[in-house]
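Here is the structure we will look at, set down as structure tokens.
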Amino acid sequence: LKWLTNNCLSMRAKAMAAASFKRSTMEITENKDANPLLWFSLPSVVPAQALPSPGGVPILKDGNVIGGLGLGGGSPVEDHDCALAGAAAV
């Protein structure tokens, strides 16, 4: 049960990060070196609310963000690819 709870929080936080920053968490992770202070301070500013870890994508409709989708449990690439497929199906 603990794993399930932690994984659900992680998936929600990935979805929140993707929706808030209007880009996939894979892209956020790849660009974190441009502003490392932001990414290192984010967990203390909004604890468990936004996780810039691969597996989150924004859900777009007509170019506008209408939500986010976060996945976990696989490798970073697997989580990212599955999230992209899920968002495309919405």
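All heavy atoms count here, side chains included; hydrogens, waters and symmetry mates do not.
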Exercise. Considering non-hydrogen atoms only, spot the tightest contact between Glu78 and Gly74 and give its length.
Key: OE1-CA, 3.4 Å
Quiz item: Are any non-hydrogen side-chain atoms of Met11 and Leu69 less than 4.5 angstrom apart?
Solution: no
Quiz prompt | Spacing of Thr29 atom OG1 and His80 atom NE2 [to the nearest 0.5 Å] | solution = 10.0 Å
Exercise. Answer with yes or no whether the hydrophobic clustering places Met16 together with Val65; edges join I, L, V, M, F, W, Y residues whose side-chain heavy atoms lie under 4.5 Å apart.
Key: no
Exercise. Kindly give the heavy-atom pair with the smallest separation between Met26 and Val77, and that separation in Å.
Key: CE-CA, 4.1 Å
Quiz item: With distance as the sole test, does Thr25 use its side chain to make a donor-acceptor pair with the main-chain N or O of Ala18 at under 3.5 Å?
Solution: no
Quiz prompt | Heavy-atom donor-acceptor pair, Arg12 side chain to Ser10 backbone, under 3.5 Å | solution = no
Quiz item: Can you find a pair of side-chain heavy atoms, one from Leu71 and one from Cys82, that are under 4.5 Å apart?
Solution: yes
Quiz item: Is there side-chain contact between Arg23 and Ile28, with at least one heavy-atom pair below 4.5 Å?
Solution: yes
Quiz item: What's the shortest heavy-atom distance between Ala34 and Pro36, and which atoms?
Solution: C-CD, 3.7 Å
Exercise. Indicate the atoms forming the closest heavy-atom contact of Ala87 with Val57, along with that distance.
Key: CB-CG2, 3.7 Å
Quiz item: Okay, side chain of Lys14, backbone of Pro54: is any donor-acceptor separation there less than 3.5 Å?
Solution: yes
Quiz item: Looking only at atom types and distance, does a side-chain atom of Glu30 sit under 3.5 Å from a main-chain N or O of Glu27, one as donor and one as acceptor?
Solution: no
